[in-house]
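In what follows, chains are A, B, ... by sequence order, proteins preceding strands, each numbered from 1. Source: prediction; values computed, not measured.
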Amino acid sequence: MTIKERVAALLQQAMDEAQAKGFIPQAMLPDVLLERPQNREHGDLASSLPLRLARNLHLNPMEIAQRLIPLIPPAEEVERVWVAPPGFINFALKSYWLVQQVEAVVQAGERYGNMDLGKGKKVQIEFVSVNPTGPLHVGHVRGGILGSTLANVLAASGYSVEREYYVNDAGTQMDSFYYSLYVRYQQALGKEAEMPKDGYVGTYMVELAREIAIEEGEGFLQMRPEEAVKALGAIGLQKMLKSIKEDLERVRVSFDVWFSERSLYTGGQYDKSMQILREAGYLTQREGALWFASTALGEDKDNVLVRSTGAPTYFASDIAYHYNKFSERGFDWVINIWGADHQGHVPRMKAMASALGVAPERLTLIISQLVTLRRGQEVVRASKRTGELVTLRELVDEVGPDACRFFFLSRSPESQMEFDLELAKKESSENPVYYVQYAHARIAGILQLAQESGIDYSDGDVSLLVNPAEIDLIRHMVEFPELIETMAQNLSPHHLPHYAMELATAFHWFYDHCRVVSRLSEEEGITKARLKLVQAARIVLARCLDLMGMDAPEKM
RNA sequence: GCGCCCGUAGCUCAGGGGAUAGAGCAUCGGUCUUCGGAACCGAGGGUCGCGGGUUCGAAUCCUGCCGGGCGCGCCA
């Protein structure tokens, strides 16, 4: 239970009693009872409950507050409760309680901030899932970093999380990729062959084909073209996937499962899911194609599942895929992270869930807006087909994984963002990423010094911590569990970098005001107490960095 | 034309019904310079795109414009 929930419960108790005794009329309580006021003078926690109730109760908000306050039970956490116009109830926390939280943090260690919001529910996060037709570029990084961090956050919140990459190894785009590879392979071996007009003309395809020609020899030239395309394609796909995986690992994005689209056709999920839709009456045959009657579910148009050529669409695969996720693998909750260019597919996905008999709220689609890439004034256009793009690899080589992650993470998914490569590079020596990491390195330095000096601070007495800088640092640490909760509830990991900045600031401020390691024997007590505080600060900061997938350096 | 997202400081972005709207970078000024200066403190800088509405209270919710991004295929 976070301190916010604890105090909210106290307020709730007071409210119940007030109503039971008839001091206050019965009323529905708002969901949110407590807030963190932005101004310190308003206490550690505040409630606008009286203001919210005033209208329905036909009472003056100040009056409501006055009646409520005497009924708030005394608690070891709370120092003072008071009314503030126009009708807030403010709470100040006891500094004795705050200071004891240092012990709580140290005791919890790496588990500090974890909670059981998810109660072990099985959640799957599917992200990136780019067609393996070429290298990942900058636009794909955002979803990867968002997904991996969200997965960390949900895991810390008590969900059982699985990370998945959906490999589109079937479908027309892949056919084009396979054929392009065949052409490049022939050319690599000196044979005349012409690229299809919508083929993948990027230079990486030339290199891929050459590599295969060297490793596998000329054998594919002897095969019938269809056979060669298939055989080469299988090799090309594996190489492409390997390279994508390596690229993602450079930004510390990894997956538990790489799921093959093709397996849905060989494993029977496609047939089964279509059967379910057929029996539910959602399939119609029209104009030579098979349609999903999504208009029956409130969508504005139907969607083709099987083309008149007999080839299933990507959407048909999606249905089979989600049938597999929900019905076969039994995920309680499925989260898909998509780029804004797929936003139009959301309604039909929801319709599909209903048609499969899955409650639509068990499927969450997070749409992250696209990234505009710039080099100074020049806008860089990304086109995978022509190969004119800044790859993920180039980006990470230029900017580094930590800065990359921090930068992408600090923007909320729904806001379009601009990535200026020049700026990212230029700022990298003087940017917030290093500010946060520096705080960690500084802490490590202090603890190192303590160790070298042979100081054992395990018996440090935290009640000696009274300096405002010390208390301020503790206040920030105490907010960490609430942060985890907020991020998990709103699926908004972008708060993490901002919090990390604030925590680092609080630490630097403390460092500036309070000398930690003292050689004076009369300062032994405060030295140990502060070392314990520093240890706790390190735990929280390291957790932040870990959740963000960043390094927590000992030295820089 | 229709749908979704966005518009907040010079720039990049937080804040998404509460009290005086914040951060980083940039600009200007100061501190300290014994545990790591990749630090600390301060200043300037805002019609929260514009207009209406709801509310005790709106940057936040509703609505109409304006501006930008992305969609609207038997492509993925």
Side-chain angles (χ1 to χ4, degrees), chain A residues 30 32 35 37-39 41-42 46-48 51-52 54-55 60-61 84-88 90 129-131 133 168 171-174 176 198 286-291 300-301 303-315 317-318 339-347 367-370 372 407 410-420 423-424 426-427 429-439 441-450 452-453 490 492 494-495 497-499 501-502 504-505 507-519 527 530-531 534 555-556:
Chain A
V32 179
E35 307 144 27
Q38 49 189 2
N39 190 334
E41 288 168 21
H42 298 137
S47 178
S48 59
L51 287 160
R52 293 167 191 272
R55 185 182 180 76
N60 181 312
F88 289 99
N90 294 336
S129 297
V130 176
N131 281 3
T133 55
N168 295 117
T172 52
Q173 292 297 316
M174 285 315 288
S176 173
D198 58 349
R286 189 191 330 145
E287 300 155 33
L290 183 68
W291 298 71
D300 49 7
K301 57 177 188 282
N303 293 280
V304 172
L305 293 177
V306 181
R307 303 179 186 93
S308 47
T309 62
T313 60
Y314 179 88
F315 181 51
S317 295
D318 256 349
D341 50 344
H342 288 71
Q343 172 277 126
H345 300 174
V346 172
I367 303 299
S368 85
Q369 295 299 313
L370 303 182
T372 310
F407 185 86
S410 56
R411 273 71 168 158
S412 71
E414 65 268 17
S415 73
Q416 293 154 224
M417 60 176 289
E418 231 167 62
F419 199 111
D420 186 337
L423 197 65
K426 196 174 72 184
E427 279 184 4
S429 58
E430 188 67 34
N431 93 31
V433 181
Y434 299 99
Y435 179 83
V436 173
Q437 290 184 317
Y438 177 65
R442 229 180 188 183
I443 289 173
I446 295 170
L447 296 179
Q448 175 72 25
L449 177 70
E452 283 165 4
S453 313
N490 304 327
S492 56
H494 67 279
H495 295 299
H498 295 101
Y499 172 82
M501 280 290 291
E502 282 175 22
T505 300
F507 176 77
H508 287 310
W509 196 59
F510 156 77
Y511 178 88
D512 216 58
H513 285 72
C514 304
R515 168 86 199 187
V516 179
V517 178
S518 167
R519 315 271 178 196
T527 290
R530 284 180 176 160
L531 279 169
V534 169
K555 55 182 75 160
M556 296 172 69

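Remark: Ile367(A) CD1 to Glu414(A) CD distance equals 11.0 Å, nearest 0.5 Å.
Separation of the C1' atoms belonging to U55(B) and C61(B) is 10 Å when rounded to the nearest angstrom. One C1' atom belongs to A59(B), the other to C48(B), and the distance between them is 4 Å to the nearest Å. A distance of about 32 Å separates the C1' atoms of C13(B) and C56(B), rounded to the whole Å. G15(B) and U8(B) are spaced 14 Å apart, taking the P atom of each and rounding to whole Å. Remark: the separation of the C1' atoms in G45(B) and C25(B) is 14 Å, to the nearest Å. Atom name C1', nucleotides G46(B) and U20(B): the rounded distance is 14 Å, in whole Å. With both ends at atom C1', the span from G57(B) to G44(B) equals 30 Å, rounded to whole Å. When the C1' atom is compared between G16(B) and C5(B), the two are found 14 Å apart, to the nearest whole Å.
Put simply, CE on Met501(A) is 13 Å from C1' on A39(B), counting in whole angstrom units. One can place CZ of Phe507(A) at 13 Å from C1' of C40(B), the figure rounded to the nearest angstrom. C11(B) atom C1' lies 11 Å from atom CZ of Arg411(A), rounded to whole Å. Remark: P of A39(B) and CD of Gln437(A) are 13 Å apart, rounded to the nearest angstrom. Between the CG atom of Asp300(A) and the C1' atom of G1(B) there is a distance of 14 Å, rounded to whole Å. Summarising the geometry, the separation between CZ on Arg55(A) and C1' on G57(B) is reported as 12 Å, rounded to the nearest angstrom. When the P atom of A76(B) is taken as reference, atom CZ of Phe315(A) falls 12 Å away, rounded to whole Å. Counting to the nearest Å, the P atom of C41(B) and the OH atom of Tyr511(A) are 14 Å from each other.
For Gln343(A), the listed nucleotide lying nearest its side chain is G3(B); candidates were G3(B), C35(B), G15(B). Relative to the side chain of Arg515(A), the nucleotides C74(B), G71(B), U34(B) differ in distance, and U34(B) lies closest.
Looking only at side-chain heavy atoms (C-beta outward), Phe88(A) and Leu51(A) come within less than 4.5 Å of each other. At least one side-chain heavy atom of Met501(A) sits under 4.5 Å from a side-chain heavy atom of Val436(A). Under the 4.5 Å side-chain criterion, counting only non-hydrogen atoms from C-beta, Pro497(A) is not in contact with Tyr499(A).
With hydrogens and angles left out, the side chain of Ser308(A) and the base of C74(B) share a donor-acceptor pair within 3.5 Å.
A search for ring pair (Phe, Tyr, Trp, His ring centres under 6.0 Å) contacts involving His508(A) returns Tyr435(A), Tyr438(A), not counting sequence neighbours. In this structure Thr313(A) satisfies the side-chain hydrogen bond (donor to acceptor under 3.5 Å, both in side chains) test with no other residue, sequence neighbours excluded. Considering only residues two or more places apart in sequence or on other chains, Phe419(A) meets the ring pair (Phe, Tyr, Trp, His ring centres under 6.0 Å) condition with Phe407(A), Phe408(A). Under the side-chain hydrogen bond (donor to acceptor under 3.5 Å, both in side chains) criterion, Ser308(A) pairs with no residue at all, not counting sequence neighbours. For Trp291(A), the ring pair (Phe, Tyr, Trp, His ring centres under 6.0 Å) test picks out no residue, with sequence neighbours left out. Shown here are the side-chain hydrogen bond (donor to acceptor under 3.5 Å, both in side chains) partners of Glu35(A), two or more places apart in sequence or in another chain: Ser48(A). In terms of the side-chain hydrogen bond (donor to acceptor under 3.5 Å, both in side chains) criterion, residue partners of Arg286(A) (sequence neighbours excluded) are, by chain and number, Asp302(A). Annotation: side chain to side chain contact (heavy atoms under 4.5 Å, CB included) contacts of Ser415(A) (sequence neighbours excluded): Arg142(A), Arg411(A), Ser412(A).
Phosphate contact (OP1/OP2 of A76(B), side-chain N/O of His345(A), threshold under 4.0 Å): absent. When the side-chain nitrogen and oxygen atoms of Tyr434(A) are compared with OP1 and OP2 of G24(B), none of them lie within a distance under 4.0 Å. Contact between the side-chain N/O atoms of Trp291(A) and the OP1/OP2 oxygens of C74(B) is not found at any separation under 4.0 Å. Residue Ser412(A) places at least one side-chain N or O closer than 4.0 Å to OP1 or OP2 of A14(B).
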- prompt: Which dot-bracket string describes RNA chain B (Watson-Crick N1-N3 plus N6-O4 or O6-N4, or G-U N1-O2 and O6-N3, all under 3.5 Å; [ ] crossing; | other strand)?
  reply: (((((((..((((....[...)))).(((((.......))))).....(((((..]....))))))))))))....
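Residue-level contact check: Ala441(A) touches the bases, meaning some heavy atom is under 4.0 Å from a base atom. Across all strands, Ala54(A) comes closer than 4.0 Å to no nucleic acid atom at all (heavy-atom distances). Among the heavy atoms of the strands lying under 4.0 Å from His495(A) are primed sugar atoms or P, OP1, OP2 only; no base atom is included. Counting non-hydrogen atoms under 4.0 angstrom, Lys301(A) reaches the backbone sugars and phosphates but no base. Using a 4.0 Å heavy-atom criterion, one finds that Met556(A) contacts the bases of the nucleic acid, with or without backbone contacts as well.
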query: For Met174(A) and Thr133(A), what are the C-alpha separation, side-chain angles and deciding distance, and is it a side-chain contact (heavy atoms from CB on, under 4.5 Å)?
result: CA-CA 7 Å; Met174(A) 285 315 288; Thr133(A) 55; 3.4 Å; yes
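By the 30° and 60° cut-offs, the orientation of the rings of His498(A) relative to His494(A) is perpendicular.
A side-chain donor from one of Ser453(A) and Arg519(A) sits under 3.5 Å from a side-chain acceptor of the other.
Val516(A) approaches Thr527(A) most closely through the heavy-atom pair O-OG1, 3.3 Å.
Geometric assessment of Arg442(A) against the ring of Tyr511(A) yields a positive cation-pi assignment under the 6.0 Å and 45° thresholds.
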Filtered N/O pairs between nucleotides 61-63 of chain B and protein, under 3.5 Å:
none

Within the sub-3.5 Å range, which N or O atoms of nucleotides 18-22 of chain B have a protein N or O partner, and how far apart are they?
residue	atom	partner	partner atom	Å
G18(B)	N7	Ser48(A)	OG	3.2
A19(B)	OP2	Gln38(A)	NE2	2.8
A19(B)	N6	Asn90(A)	OD1	3.0
A19(B)	N1	Asn90(A)	OD1	3.3
A19(B)	N1	Asn90(A)	ND2	3.4
U20(B)	O4	Asn39(A)	ND2	3.2

Please list, for nucleotides 5-7 of chain B, all pairs of protein and nucleotide N/O atoms separated by less than 3.5 Å.
residue	atom	partner	partner atom	Å
C5(B)	O2'	Glu414(A)	O	2.4

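Both Thr172(A) and Thr505(A) lie close to RNA chain B; mapped to their nearest nucleotides by heavy-atom distance, the more 5′-ward contact belongs to Thr505(A). Residue-to-nucleotide proximity on RNA chain B shows that, of Gly344(A) and Val304(A), the 5′-proximal contact is made by Gly344(A).
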